[in-house]
J.: 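For reference, the structure I am asking about is given below.
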Amino acid sequence: MKKLINGVDQIVSEMVEGLVAAHPDKLRLIENTNVIVRADAPVQGKVALISGGGSGHEPAHAGYVGEGLLDAAVSGEVFTSPTPDQVLEAIKAVDSGSGVLLIVKNYSGDVMNFDMAADLAEAEDITVKQVVIRDDVAISNPDDRRGVAGTTLVHMIAGAAAAEGKSLDEVEAIAQGVADNVRSMGVSLSPCTVPASGKPGFTLDENEMEIGTGIHGEQGVERRELMQADAVTEELVQHVLDDMHLNDGTDVALMINGQGATPLMELYIVARKAIQLLKDRGIHVKKTFVGEYMTSLEMTGCSVTILNLDEERKRLLLSGRE
Amino acid sequence: MKKLINGVDQIVSEMVEGLVAAHPDKLRLIENTNVIVRADAPVQGKVALISGGGSGHEPAHAGYVGEGLLDAAVSGEVFTSPTPDQVLEAIKAVDSGSGVLLIVKNYSGDVMNFDMAADLAEAEDITVKQVVIRDDVAISNPDDRRGVAGTTLVHMIAGAAAAEGKSLDEVEAIAQGVADNVRSMGVSLSPCTVPASGKPGFTLDENEMEIGTGIHGEQGVERRELMQADAVTEELVQHVLDDMHLNDGTDVALMINGQGATPLMELYIVARKAIQLLKDRGIHVKKTFVGEYMTSLEMTGCSVTILNLDEERKRLLLSGRE
Amino acid sequence: MELSAAVMKQWALRINEKMQEHKDKLSELDQAIGDGDHGHNMARGFREVANKVEDASYDDIGAMYKDVASTLISKVGGASGPLYGTAFLKASNAWKGRDMLDSEAFTEGIEAAVGGIETRGKASLGDKTMLDVWIPVRDEMKEHGADAEKAAKTAEKEAEATIDKVAKKGRASYLGERSKGHMDPGAFSSQLVFEALAEVYKEEAS
Amino acid sequence: MELSAAVMKQWALRINEKMQEHKDKLSELDQAIGDGDHGHNMARGFREVANKVEDASYDDIGAMYKDVASTLISKVGGASGPLYGTAFLKASNAWKGRDMLDSEAFTEGIEAAVGGIETRGKASLGDKTMLDVWIPVRDEMKEHGADAEKAAKTAEKEAEATIDKVAKKGRASYLGERSKGHMDPGAFSSQLVFEALAEVYKEEAS
Ligand SMILES: Nc1ncnc2c1ncn2[C@@H]1O[C@H](COP(=O)(O)OP(=O)(O)O)[C@@H](O)[C@H]1O
Ligand SMILES: Nc1ncnc2c1ncn2[C@@H]1O[C@H](COP(=O)(O)OP(=O)(O)O)[C@@H](O)[C@H]1O
Ligand SMILES: [Mg+2]
Ligand SMILES: [Mg+2]
Ligand SMILES: [Mg+2]
Ligand SMILES: [Mg+2]
């Protein structure tokens with residue numbers, strides 16, 4: 001395991017320290033926690049948004065804290081959901097009395113820890129709502145689906161809605177609308193190494209890939225022979241579309257997300273094909289994101305995310321922050 | 001070699017197609033070239049900026065084309081300088097009559113090809129100036145130094161100056177000022193594979209690193225035992241500072257640049273230490289960039305860039321685009 | 001079977017020792033069908049538990065295990081943190097005010113713990129989770145009374161039995177059929193919990 | 001030595017064949033002390049040259065080599081593109097209007113080519129670049145007259161001699177002392193250029 005770190009135990013704390021030191025005008029670290037909040041939190045009269053989860057997905061989640069996006073991010077150990085007390089600290093730091101929305105990816109750990117935090121916050125008379133993201137179509141049962149790259153579109157759109165001064169119920173409904181209309185699917189060409197374990201999560205031959213990988217270095221749903229970029233893209237896009245039932249002429253947002261170690265060059269090659277495929281199917285791509293939005297340490301590969309845009313989501317996404 | 005590509009020969013053309021397809025409102029591809037220009041080029045009354053070089057450094061250079069940044073980027077084959085005729089196409093497409101500044105990294109190939117293009121353009125009565133970037137202190141002779149991540153700060157600052165409507169001479173002087181005051185140094189933990197060759201540029205043991213690597217997958221100036229992040233950072237920062245002679249209280253910009261496959265998490269750990277070191281030396285970091293700005297395909301490692309900020313550079317950098 | 005407050009403290013300390021000892025194996029099991037952190041999560045959490053309870057004095061066993069629970073909840077994270085935390089929190093409720101647990105009282109705690117895990121994680125028997133160990137242990141205690149030795153044996157057998165199952169909850173469920181052939185890491189850590197109990201009980205008795 | 005327009009065309013085609021044949025070796029040499037693309041650059045450029053000149057007819061050798069040069073300039077890129085391109089462009093100037101080159105005329109072209117490489121790349125003899133082949137070949141021609149066979153021999157010897165040198169120009173110079181022990185890729189491609197000349201001249205003569 002070759003990593004630019006000082007020690008396995010300090011990774012997360014040093015990372016959040018670095019993030020805040022790099023952007024002291026915009027971010028603040030809550031003492032004795034790994035919670036990063038907007039420097040000006042709580043923002044009066046605004047619904048506060050909190051996201052979080054295990055670390056190792058950078059720029060998610062702390063990289064999304066800022067104006068028009070999140071009010072706080074809670075970073076757990078690498079690939080380990082943060083604890084309820086840390087989430088509670090975040091809630092208390094950002095609530096201005098207008099309520100707090102927790103953006104939670106659908107993992108047992110995240111769901112349970114954020115749930116417990118919400119209970120603790122309610123006990124302190126803070127109004128907390130949650131939206132759970134399940135965009136990964138690699139898992140067939142919709143209830144069991146993981147939250148992956150699509151989560152970042154919730155940050156952007158719900159963030160823009162909250163910045164407009166919408167109420168907690170309105171922001172929640174908009175976030176839920178994104179969650180209900182976003183689908184993703186990923187592929188990996190090589191694994192990542194969780195620092196604490198020191199060993200790669202799995203091994204692949206030179207000609208193999210894992211289809212349907214999540215964002216925690218776990219194997220995918222199927223191991224396949226490595227294909228060319230266009231064929232891989234077609235597979236991912238088709239899988240996502242099969243789950244969406246989009247009408248001809250539908251507006252969508254497209255995200256080609258790198259898993260951490262994929263050169264941007266390759267992501268653009270994938271984007272090219274994905275845009276072609278959508279065009280061929282009469283679908284209008286109104287906004288394309290290409291880059292690293294939700295990573296898995298140094299995993300190689302990418303995911304394709306498609307979000308069905310109604311008028312409100314389109315307006316918020318096109319006017320909002322990235 | 002595991003890459004999400006369709007074929008070695010199509011990489012660059014498909015990449016630029018993907019980039020333009022993803023941002024059709026902002027970018028345009030000049031037919032039969034790999035030249036990407038602003039969709040609204042030429043911008044009347046504005047000095048035009050062009051950068052470029054081999055591909056494989058994404059987001060450099062095409063990712064910097066846009067308002068307040070570059071007017072065009074010319075992409076050569078992977079790690080191979082583009083040819084003069086392509087650079088000439090770019091010059092012709094973006095010149096509005098206010099003149100063109102070429103931002104060139106100091107490699108024999110880039111210097112010669114851009115030089116030939118400038119000659120060809122002058123022959124067509126277009127006023128062209130050049131600024132050559134040599135920020136890599138790994139090379140001791142200043143004339144021989146490579147242009148690396150510091151180049152992107154020239155894009156930003158000269159881009160902001162051009163956007164303000166400054167003249168070609170003014171923009172050139174500002175760009176030259178950045179070039180004269182920016183220094184970088186890099187380290188690599190693992191190599192990259194140029195697609196056409198299919199083999200990694202060098203091999204490193206589990207406990208080795210290369211200090212002083214450039215951005216073309218070549219070896220560095222020295223092979224060393226792998227150190228912890230803080231020690232590596234100290235080495236890079238010290239090497240850069242030794243070449244700068246900054247007074248106490250000087251304002252600087254800091255860039256921690258990932259080489260392509262380094263998790264953002266690790267870059268923040270490096271940033272944390274670099275900021276501490278500069279603070280300890282009484283230097284004021286006014287702006288910090290952490291991320292991938294100038295990559296080397298999927299190389300692992302990072303570089304540290306420090307730019308001495310005078311009042312004008314500070315104003316332009318803080319008000320400009322990233 | 002009777003468990004004094006002293007033995008109950010030893011139990012918590014011994015769980016920690018076992019988690020440290022088997023940390024790598026727990027993480028390897030998790031790496032095969034999850035994300036490879038279960039050993040670290042357990043080792044980190046129970047190290048804190050040991051630090052907390054070792055020199056502390058408590059009014060009763062309930063208070064002690066409330067401390068165990070809140071330490072786990074605030075130090076582990078992941079899926080196992082809230083699950084083990086909730087388990088011991090519910091047990092501590094059942095043990096409130098007691099400085100000695102007889103078979104019935106201990107069983108009540110375990111029953112409450114299982115209820116907590118079920119409510120929190122919404123998994124069922126057979127889903128290839130820690131519950132596949134906890135439920136059989138509880139059932140046996142309810143039927144035949146609490147017996148630490150037997151609980152450890154059952155836990156071992158049931159952890160082993162998770163190997164052939166297909167995971168329905170937690171990260172391992174994403175693998176579908178590919179989760180077969182590997183022991184569930186949470187089932188193994190649960191086995192260690194009951195082995196620790198058997199050890200401290202035996203040492204106390206002898 | 002006399003070179004007809006037909007032989008001069010064969011020269012360009014043969015250079016292409018040699019670059020294709022030694023593409024991998026050229027890239028391997030470049031990988032050791034540069035960025036590993038010299039074989040691809042040469043193969044790409046001279047393939048285009050061959051496509052261009054093969055079926056074309058030219059007024060004179062100057063026009064033919066002007067085409068060779070501009071193809072290299074617009075298709076190769078990197079450092080070698082402008083250098084080889086400029087070399088042949090300058091040579092083509094010297095060969096303007098001629099449909100036959102005697103020893104003197106050919107030497108004038110080579111002299112002009114070397115001047116072009118020097119002006120363009122600002123390297124000197126001993127910097128471990130292609131010039132370490134071109135300059136000795138030129139010197140020999142100027143002293144003893146053009147001899148294709150001898151040029152190839154000298155080129156081979158001088159390319160070999162770059163192994164022990166420390167690079168002062170181009171990417172290899174970044175390695176400093178570490179550049180020792182490897183042949184300069186541009187020196188080897190230059191050797192191939194003169195080997196191609198010797199081959200086509202010999203075939204024509206026989
Ligand atoms: N919903 C659930 N109900 C019961 N046990 C669960 C559930 N989800 C996960 N587990 C248990 O947690 C274990 C994994 O814990 P751990 O690796 O520490 O957390 P994470 O899965 O968040 O990385 C699994 O082996 C399983 O026994
Ligand atoms: N300034 C120069 N003068 C003469 N020859 C040079 C110079 N710079 C590089 N070369 C030659 O070019 C060769 C490398 O060419 P190539 O690999 O195609 O380009 P690049 O270095 O841009 O990747 C070197 O081996 C050397 O012989
Ligand atoms: Mg985990
Ligand atoms: Mg090159
Ligand atoms: Mg786990
Ligand atoms: Mg080269």
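Please read all numbers here as calculations on a predicted model, not as lab measurements. Order of the sequence lines fixes the chain letters, A, B, ..., with proteins taken first and strands second; residue numbering starts at 1 for each chain.
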J.: Take atom CG in D:Asp99; do more than 12 heavy atoms of anything else shown fall under 6.0 Å from it?
T.: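 Counting neighbours around CG of D:Asp99, 12 or fewer heavy atoms of other residues, nucleotides or ligands fall under 6.0 Å, so no.
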J.: Do you know which of B:Glu77, B:Lys199, B:Arg146 has the most heavy-atom pairs under 4.5 Å to chain D?
T.: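 Ranked by heavy-atom pairs under 4.5 Å with chain D, first place is B:Arg146.
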J.: Report, by ascending residue number, the residues of residues 13-38 of chain D in heavy-atom contact with chain B at a distance under 4.5 Å; give 'none' if the set is empty.
T.: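 If one takes a 4.5 Å heavy-atom cut-off, the residues of residues 13-38 of chain D near chain B are D:Glu28, D:Gln31, D:Ala32, D:Gly34, D:Asp35, D:Gly36, D:Asp37.
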J.: So, do B:Gln219 and D:Leu175 sit near enough that their side-chain heavy atoms are less than 4.5 Å apart?
T.: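 The answer is yes; the side chains approach within 4.5 Å.
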J.: Could you tell me which of D:Arg171, D:Lys168, D:Lys75 has the largest number of non-hydrogen atom pairs under 4.5 Å with chain B?
T.: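 It is D:Arg171.
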J.: Strictly distance-based, threshold 3.5 Å: is any side-chain N or O of D:Arg178 a donor or acceptor partner for the main-chain N or O of B:Gly220?
T.: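 It does hold such a pair.
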J.: Other residues, nucleotides and ligands only: do more than 12 of their heavy atoms fall within 6.0 Å of NZ on D:Lys153?
T.: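 It does not: D:Lys153 NZ has 12 such atoms or fewer within range.
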J.: Return yes when atom NZ of D:Lys169 has more than 12 non-hydrogen atoms of other residues, nucleotides or ligands closer than 6.0 Å, and no otherwise.
T.: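 Check passes, neighbour count above 12.
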J.: Take a 6.0 Å sphere around CD of B:Glu122 and say whether it holds more than 12 heavy atoms from other residues, nucleotides or ligands.
T.: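 More than 12 heavy atoms, drawn from other residues, nucleotides or ligands, come within 6.0 Å of this atom.
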J.: At under 4.5 Å between heavy atoms, what parts of residues 207-217 of chain B are in contact with chain D? List them by residue number.
T.: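 Hits under 4.5 Å: B:Glu210, B:His216.
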J.: Considering only heavy atoms, which portion of D:Thr86 lies under 4.5 Å from any heavy atom of chain B: side chain, backbone, both, or neither?
T.: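 The answer is the side chain of D:Thr86.
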J.: I need the B:Ile139 CD1 to D:Ser173 OG distance, nearest 0.5 Å.
T.: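 The CD1 atom of B:Ile139 sits 6.5 Å away from the OG atom of D:Ser173.
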J.: Could you have a look at B:Val194, B:Val8, B:Thr80 and say which one has the most heavy-atom pairs with chain D under 4.5 angstrom?
T.: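 Greatest number of close heavy-atom pairs with chain D: B:Thr80.
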J.: Looking at B:Gly76, B:Ser197, B:Pro82, which makes the most heavy-atom pairs under 4.5 Å with chain D?
T.: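 Maximum pair count with chain D is reached by B:Ser197.
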J.: Can you name the residues of residues 100-115 of chain B that have some heavy atom under 4.5 Å away from a heavy atom in chain D?
T.: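 The list, in residue order, reads B:Asn106, B:Tyr107, B:Ser108, B:Gly109, B:Met112, B:Asn113, B:Asp115.
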J.: For B:Asp119, I'd like to know if atom CG has over 12 heavy atoms of other residues, nucleotides or ligands within 6.0 Å.
T.: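 Yes, the 6.0 Å shell around CG holds more than 12 heavy atoms from other groups.
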J.: Chain D heavy atoms under 4.5 Å from B:Val221: which part of the residue, side chain, backbone, both or neither?
T.: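 Both backbone and side chain of B:Val221 come within 4.5 Å of chain D.
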J.: Measure distances from B:Gln86 to the heavy atoms of chain D and classify the residue's part below 4.5 Å as side chain, backbone, both or neither.
T.: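 For B:Gln86, no heavy atom lies under 4.5 Å from chain D.
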J.: Under the ring pair (Phe, Tyr, Trp, His ring centres under 6.0 Å) rule, collect the residues that match up with D:Phe106, sequence neighbours excluded.
T.: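 D:Trp11, D:Trp95.
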